[in-house]
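Below is one structure, written out as structure tokens; the observations come after it.
Everything numeric here is computed off the predicted structure, so don't read it as measured data.
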Amino acid sequence: ALSPCGSTPSIDGNDTSGTVTVGTGAAASCTVTFAAPYSTNVPHCAVTPSTAFADFLYFSSRSTSAFTVTTASGVSLASGQFDYICQGRL
């Protein structure tokens, strides 16, 4: 699941990898919530932009159930895309 991620965001993937398309409108951050939380440890995740952003992306929070991506300067993520991959014990 995605939140807030702008208006009508989408995800093509699963709990281990995928592509997020951020919706339109103001989107200062984007949270990806796993369908099934990881068991005990926070998974190791990596994010790679697949469209140009005005600033670099980073994890502003991570947990066993979700991660949140923002830009370093708070520039909107609107209409952008990023890929993610997470490894850990489900």
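Taking the side chain to side chain contact (heavy atoms under 4.5 Å, CB included) definition, one finds that P9 meets it with L2, C5, sequence neighbours left out. Taking S60 as the reference, Y58, T68, T70 meet the side chain to side chain contact (heavy atoms under 4.5 Å, CB included) condition, with sequence neighbours excluded. Every residue two or more places apart in sequence or in another chain that forms a side chain to side chain contact (heavy atoms under 4.5 Å, CB included) with T33 is listed here: A1, T31, A66. T19 pairs by the side-chain hydrogen bond (donor to acceptor under 3.5 Å, both in side chains) definition with D83, not counting sequence neighbours.
Within a 6.0 Å sphere centred on CG of D12, heavy atoms belonging to other residues, nucleotides or ligands number 12 at most.
Side-chain contact between T16 and Y38 is present, with heavy atoms from C-beta onward closer than 4.5 Å.
Cluster membership for V22 and F59, using ILVMFWY side-chain heavy atoms within less than 4.5 angstrom, is shared.
Taking every heavy atom of both residues into account, V32 and I11 meet most closely at CG1-CD1, 4.0 Å. Between T64 and V42, the shortest heavy-atom contact is CG2-N, 3.9 Å. Across S76 and G25, no two heavy atoms sit closer than the pair OG-O, 3.7 Å. Across every non-hydrogen atom of G6 and A27, the tightest pair is N-CB, 3.6 Å.
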Check the pair Y84, L57 against side-chain contact (heavy atoms from CB on, under 4.5 Å), reporting the backbone distance first and the verdict last. CA-CA 11 Å; Y84 67 90; L57 303 177; over 6 Å; no
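Taking the six-membered ring for Trp and thresholds of 30 and 60 degrees, F67 and F34 have ring planes inclined between 30 and 60 degrees apart.
The backbone N or O of A36 sits less than 3.5 Å from a side-chain atom of D15, completing a donor-acceptor pair.
Applying the side-chain hydrogen bond (donor to acceptor under 3.5 Å, both in side chains) test to residues at least two apart or on different chains, none of the pairs has a partner in residues 44-54. Screening residues 40-70 for disulfide bond (SG atoms under 2.5 Å apart) gives C45-C86 as the qualifying pairs, with residues at least two apart or on separate chains.
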